Amino acid sequence: MSESASGWPLEMARLSWADDDTPSSAFFDDVYFSREGGFAESEHVFLAGNDLLNRFPLGQGTRILETGFGTGRNFLATALWFLETAPPHASLDFVSFEKHPIAAAALPGLAASQQRLADRWLEAHALLSERAGARLRSLQASLHDQWPDPVPGFHRRLLAGGRIRLTMIWGDANDQLPRLDGYFDAFYLDGFAPDRNPALWRDTLIARLGERAAPGATVATYSAARRVRDALSVAGFVTEKRPGFGRKREMLSARSPDVAAKAATAQPGGEGAIAVIGAGMAGTTVARQLSRRGREVAVFEAGPRAAGGGSGNPAGLVAPVISRDWNRLSQLTATGMGFMRAALGELIDGQQSRFDGVIKLARSERHAERQAGIAAELQPDPTFAAWLGADELRVLSGVADIDSPGWWFPTAGWLRPRAIVEQWLGDSGIETRLKQPVSRIDGEPGQWWIETLDGERHGPFTEVVVAAGPDTGRLIEWLGRWIEPCRGQVSWGRPAATGHPPEQGRPLMREGYALDLPGGERLFGASFLPGDEGLEERGAEHEDNRGRLAAIAPSLAKALATECLAGRASLRATTPDRLPIVGRLSEGLWVTTGHGARGLTWSAWLAEYLASRIEGTPSPLPRDLAEGLDPMRFDERAARKAARATRGQGG
Ligand code: SAM
């Protein structure tokens, strides 16, 4: 990825508030919305300007792209109108760019002011129902509860039981729009006045929006500036001036021609039953994201219970990996973590899951120097990541003998995967079939059949998702050569004394990790043995794990005798580039595997990605990241290498 597209450093919004609840931006010296009424402006300019008040009741106009998320007021007004007027089967995708996100600490103030604005709007509103006020409050609370970390990139959140998919893209729209996949029915151009912020009104940006337009897509903006109108015309839209809001005389509304040939951009949605093979975290999250979209899902699991593989460990960490170039691993872990946290919601109860910070220590002095350099370059907001000295980390963790600096990730945490998987499989719409080892998949697009080891055939399914961890290679043979099973053993025991007050007890990582669970057990690990498929518990690996624990802080290991340790080994699926394999194999056949030791962090987000592709709705993943996970990538790379070698020989 180019340097600018990495999006760091991410500068947070600088807001100031007028007495009438209108916020302004110190960066642009302009108001976020008209002083004459924020929500009423959203309704007049963006909803009515895109004809959404008429399209929503028909289940149309439900993929919206906005430039400038700001306070989220347009989004809230849109989500409310959608819930009030769209048919129950319809879902809404709202995607919005924001270069300067509002800091989480500013949300309570924003909520209070937004509420006052909303009350004034709704008081006089004849068209919205009596429930509208409560609905809007609940949407706002749900948005603020799930507010993304200050990390550049694509952050998707689900609201209203999953009917509303909001994708907030933190970064400059000019850099991020080329990374966006999907087609949109309506565009909101809301980026401050064009003369105050010309970057958000560039012709190239507007042309790119045109490329993302579905047939009959519309555009609305409060600006009636000539150059905006011209840029929209060049981008293929037919523009029209309409009466503006408040003191503004005019605004623009535009429409793209209804070209039938744009078949790929058709309205999304699919039908028919879907089979998911594998009831680990990867398969379960896919089943859940699909069932929340109203699809009927059958999960086939070879073992006698769900989460029998890597997801069967007592607990696991959810934490980001930092890199200077913000590579795919960093994007997947940092953004995946936020999606998982939001997906867990009430399951973050301190017992099944807890997200109050993780510490990752430097491995060596050189490593520490490098990380400190990265921290200086990226300048992450400390609410997401801070590079701290050993003293501060000793205070944060309560562990007195930590002797190296490290990263502090305040929004990272841990979860108990089996408990979570079992709850999520209990969702209505998911049928879990245990002790059903799948031996074969056959059929054709739209008509897939699954054969289990007992010879029985199940189906037909319109789609099949293979999420069988290291076994995936047995079902999809050509993919098998890129999937390596890798043994990992975790250890746990009850320390004589924890060495820190219980409210601290934050997970610590170095090469291994230490995680103190609510029941008093210390979980630590893990061995990582590529190619080793043994599943027995091994004393030597307990000893290795103790060594990893002692490297974090000797006191953590001292309190635990190797003889008293329990453990569990499982196989993870790994790939040559250590990134997962997620995507389409052929029409109606999908895969998600190769999650290595990081599936808990990113699997829910990747499941939402697969569900979006299966359903044909806008992708929650940047295109280049999705390409980096594509199942064909290793074969393509091998073919390119072979071609280069041949050319080399020839030349
Ligand atoms: N739609 C917003 C709302 O409902 O609150 C108001 C948007 S405000 C007029 C414009 C927003 O665009 C600001 O939040 C600003 O930070 C953002 N912005 C400005 N330049 C940008 C850029 N190049 N890329 C993405 N966002 C940008």
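Whatever order the structure lists ligands and atoms in, that order sets their numbers, starting from 1. Just so you know, these numbers come straight off a predicted model, no measurement behind them.
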| request: Using only heavy-atom distances, determine whether the side chains of N197 and D30 contain a donor-acceptor pair under 3.5 Å. | output: no
| field | Pairs where residues 117-136 contributes a residue and the test ring pair (Phe, Tyr, Trp, His ring centres under 6.0 Å) is met, not counting sequence neighbours | value | F39-W121, W81-H125, W121-H125
| Backbone N/O of W8 and side chain of Q379: donor-acceptor pair under 3.5 Å | no
Give one line per pair: atom of ligand 1, protein atom, distance. Only N/O to N/O under 3.5 Å.
residue, atom, partner, partner atom, Å
ligand 1, 1 (N), E66, OE2, 3.0
ligand 1, 1 (N), G68, O, 2.7
ligand 1, 1 (N), N74, ND2, 3.3
ligand 1, 1 (N), D190, OD2, 2.7
ligand 1, 4 (O), R73, N, 3.3
ligand 1, 4 (O), R73, NE, 3.3
ligand 1, 4 (O), R73, NH2, 3.2
ligand 1, 4 (O), N74, N, 2.9
ligand 1, 5 (O), T71, N, 2.9
ligand 1, 5 (O), T71, OG1, 2.5
ligand 1, 14 (O), E98, OE1, 2.6
ligand 1, 14 (O), E98, OE2, 3.2
ligand 1, 16 (O), E98, OE2, 2.5
ligand 1, 20 (N), N197, ND2, 2.9
ligand 1, 23 (N), D172, OD1, 3.0
ligand 1, 24 (N), A173, N, 2.9
ligand 1, 26 (N), K99, N, 3.1

| task | For this output row, return yes or no: ring centroids of F75 and Y188 closer than 6.0 angstrom. | result | no
| When you measure from the side chain of E615 to the backbone N and O of R295, does any donor-acceptor pair fall under 3.5 Å? | no
| task | Would you check if there is a donor-acceptor pair between the side chains of W387 and Q371 at a distance under 3.5 Å? | result | no
